[in-house]
Number of protein chains: 2
Amino acid sequence: MVVDQLRETELDRLFQAFADSTRRDIVRRVTVTEYSVSGLAALYAMSFAAVQKHVAVLERASLVTKEKRGREQIVRGNHEGLQKARWLLDEYEQVWRQRAARIADILAEE
Amino acid sequence: MVVDQLRETELDRLFQAFADSTRRDIVRRVTVTEYSVSGLAALYAMSFAAVQKHVAVLERASLVTKEKRGREQIVRGNHEGLQKARWLLDEYEQVWRQRAARIADILAEE
DNA sequence: ATATCGTACAACCAAATGGTTGTAGATCAG
DNA sequence: CTGATCTACAACCATTTGGTTGTACGATAT
């Protein structure tokens with residue numbers, strides 16, 4: 001289905017976004033406190049543009065929001081993306097538990 | 001720290017592995033039933049070698065195990081990787097909840 | 001013994017990723 | 001107004017990724 005396709009690429013972006021330690025660190029920080037993009041850039045040993053790109057990746061993945069304030073762009077954590085990722089992994093955990101239960105049933109049948 | 005570095009690249013591999021719909025599908029399937037690599041390959045519209053590579057990525061991320069049986073290689077789900085990914089996201093959720101609680105406290109103070 | 005099956009692996013390719021520098025447009029401070 | 005600051009974005013580069021085909025080799029079946 002087409003809808004599923006959208007959901008899949010959404011998940012691609014989500015997990016892709018998490019697959020970088022700098023980005024994971026950014027997510028952690030902006031969950032606690034808001035930062036400007038340059039405020040974030042000051043934290044890492046890379047160029048402003050590089051951090052800017054990381055923030056863009058996180059924004060596309062709904063893990064972060066940006067809001068203009070004066071000449072700054074304020075970055076904040078976005079619970080939405082995190083929840084979706086957790087929801088998917090919980091589903092997988094569910095499948096795993098069902099399998100464990102099934103195996104337990106089979107063992108009990110003998 | 002060096003240990004942290006190892007942990008970070010481990011997480012990189014984990015989330016990178018999840019960032020592909022074919023690989024997510026493989027993880028789901030091999031959690032329910034075991035498959036040979038060629039058995040998996042038959043399911044997707046891509047070459048055997050491509051699926052083989054996907055399985056290798058999942059194995060490196062501890063999301064799957066391979067075991068030789070005769071001329072086949074049996075692929076099974078590995079709970080270890082999934083647990084680590086869930087654990088990390090739970091940590092992030094925890095940070096989020098602390099923030100929410102802090103905000104609630106501030107509002108209550110007035 | 002020979003052909004077939006399942007796997008591994010190398011070589012190759014196009015596209016994406018993660019980084020850089022440079023340029024330009026807003027916004028703010030003096 | 002001028003200069004400094006914050007951001008956006010383009011162009012470029014090396015490496016990785018996700019795919020391909022082809023070759024080789026052990027295990028199985030006839």
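These figures come from a predicted structure and were not determined experimentally. Order of the sequence lines sets the chain letters (A, B, ...), proteins ahead of strands, with each chain counted from 1.
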Engineer: Whole-Å distance between C:dA8 C1' and B:Glu59 CD?
Structural biologist: 12 Å
Engineer: Report, one line per pair, each donor and acceptor closer than 3.5 Å where one atom sits in a side chain of residues 76-83 of chain A; sequence neighbours left out.
Structural biologist:
from	atom 1	to	atom 2	distance (Å)
A:Arg76	NE	A:Glu34	OE1	2.8
A:Arg76	NH1	A:Glu67	OE1	2.6
A:Arg76	NH2	A:Glu34	OE1	3.1
A:Arg76	NH2	A:Glu67	OE1	3.4
A:Asn78	OD1	A:Glu80	N	3.2
A:Asn78	ND2	A:Ser62	O	3.3
A:His79	ND1	B:Trp96	NE1	2.8
A:His79	NE2	B:Glu93	OE1	2.9
A:His79	NE2	B:Glu93	OE2	3.1
A:Glu80	OE2	A:Lys84	NZ	3.1

Engineer: Measure the shortest side-chain to side-chain distance between B:Leu88 and A:Arg24 over non-hydrogen atoms and say whether it is less than 4.5 angstrom.
Structural biologist: yes
Engineer: Expressed in angstrom and rounded to an integer, what is the separation of A:Arg23 atom CZ from C:dA16 atom C1'?
Structural biologist: 12 Å
Engineer: Less than 4.5 Å apart, side chain to side chain, heavy atoms only: is that true for B:Val30 and B:Leu40?
Structural biologist: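 Yes, at least one pair of side-chain atoms sits under 4.5 Å.
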Engineer: Do A:Leu89 and A:Phe15 have side-chain heavy atoms sitting under 4.5 Å apart?
Structural biologist: yes
Engineer: Take B:Gln73 and A:Val57, find for each the nucleotide of DNA chain C with the closest heavy atom, and name the residue whose nucleotide sits nearer the 5' end.
Structural biologist: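 Comparing both residues, the 5'-ward one is B:Gln73.
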Engineer: What is the distance from CG of A:Leu58 to P of C:dT17, rounded to the nearest Å?
Structural biologist: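 About 13 Å, once rounded to whole Å.
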Engineer: Locate the shortest heavy-atom distance separating B:Val51 from B:Met46; write the atom from each residue and the value.
Structural biologist: CG2-CG, 3.8 Å
Engineer: Would you mind reading off the distance between B:Glu67 atom CD and C:dT7 atom P, rounded to a whole angstrom?
Structural biologist: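 Those two atoms, CD and P, are 13 Å apart.
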Engineer: So, is B:Lys66 close to the C:dA8 phosphate, meaning a side-chain N or O under 4.0 Å from OP1 or OP2?
Structural biologist: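 Yes, B:Lys66 has a side-chain N/O under 4.0 Å of OP1/OP2 on C:dA8.
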Engineer: Do other residues, nucleotides or ligands put more than 12 heavy atoms under 6.0 Å from the CZ atom of A:Arg99?
Structural biologist: yes
Engineer: Polar atoms only, N or O, under 3.5 Å: list the protein pairs with nucleotides 26-28 of chain C and their distances.
Structural biologist:
from	atom 1	to	atom 2	distance (Å)
C:dT27	O2	A:Arg71	NH1	3.3

Engineer: Measuring only between side-chain heavy atoms, which start at C-beta, is A:Val32 closer than 4.5 Å to B:Arg102?
Structural biologist: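 SC-SC contact between A:Val32 and B:Arg102 confirmed.
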Engineer: Rounded to the Å, how far apart are A:Glu8 CD and D:dG18 C1'?
Structural biologist: 17 Å
Engineer: Return the residues of residues 28-39 of chain B meeting this criterion: a heavy atom under 4.0 Å from some atom of DNA chain D. Order them by number, or give none.
Structural biologist: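 Listed by number, there are none.
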Engineer: At less than 4.0 Å, is any side-chain N or O atom of B:His54 found next to OP1 or OP2 of D:dT17? Yes or no.
Structural biologist: no
Engineer: Would you say the side chain of A:Arg28 lies within less than 4.5 Å of the side chain of B:Glu91, judging by non-hydrogen atoms?
Structural biologist: yes
Engineer: Using a strict 4.0 Å threshold on nitrogen-to-oxygen distance, state whether A:Arg13 and A:Glu10 make a salt bridge.
Structural biologist: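 Salt bridge: no.
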Engineer: Is there a side-chain contact between A:Tyr35 and A:Ile26 in this structure, where contact means two heavy atoms from C-beta onward sitting under 4.5 Å apart?
Structural biologist: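 Heavy-atom side-chain distance check fails, nothing below 4.5 Å.
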Engineer: Atom CZ of A:Arg13 to atom C1' of D:dT17: distance rounded to whole Å?
Structural biologist: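 So the two atoms are 18 Å apart, to the nearest Å.
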Engineer: Please report the shortest heavy-atom distance between A:Phe48 and A:Ala41, naming the atom on each side.
Structural biologist: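 Closest approach of A:Phe48 to A:Ala41, heavy atoms only: CD1-CB, 3.8 Å.
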Engineer: Please state how far atom CZ in A:Phe15 lies from atom P in C:dT17, giving the value in whole angstrom units.
Structural biologist: 16 Å
Engineer: For A:Val37 and A:Lys66, work out which heavy atoms get closest and say how close.
Structural biologist: CG2-CD, 4.5 Å
Engineer: Please tabulate, for side-chain N and O atoms in residues 16-23 of chain B, each donor-acceptor pair with protein atoms closer than 3.5 Å (sequence neighbours left out).
Structural biologist:
from	atom 1	to	atom 2	distance (Å)
B:Asp20	OD1	B:Thr22	N	2.9
B:Asp20	OD1	B:Arg23	N	3.1
B:Arg23	NE	B:Ala17	O	2.9
B:Arg23	NH1	B:His54	ND1	3.2
B:Arg23	NH2	B:Gln16	O	3.1

Engineer: So, for A:Gly39 and A:Ser36, which heavy atoms are closest and what is the spacing to 0.1 Å?
Structural biologist: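 What the structure gives for the nearest pair is N-OG, 2.9 Å.
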Engineer: Calculate the interatomic distance between B:Glu72 atom CD and C:dA8 atom C1'; express it in whole Å.
Structural biologist: 15 Å
Engineer: Give, ordered by number, those residues of residues 40-53 of chain B having at least one heavy-atom distance below 4.0 Å to an atom of DNA chain D; if nothing qualifies, reply none.
Structural biologist: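 The stretch gives B:Met46, B:Ser47, B:Ala49, B:Ala50, B:Lys53 as the residues lying under 4.0 Å from the strand, ordered by number.
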Engineer: Identify the pairs formed between an N or O of the protein and an N or O of nucleotides 23-25 of chain D at a distance under 3.5 Å, and give each distance.
Structural biologist:
none

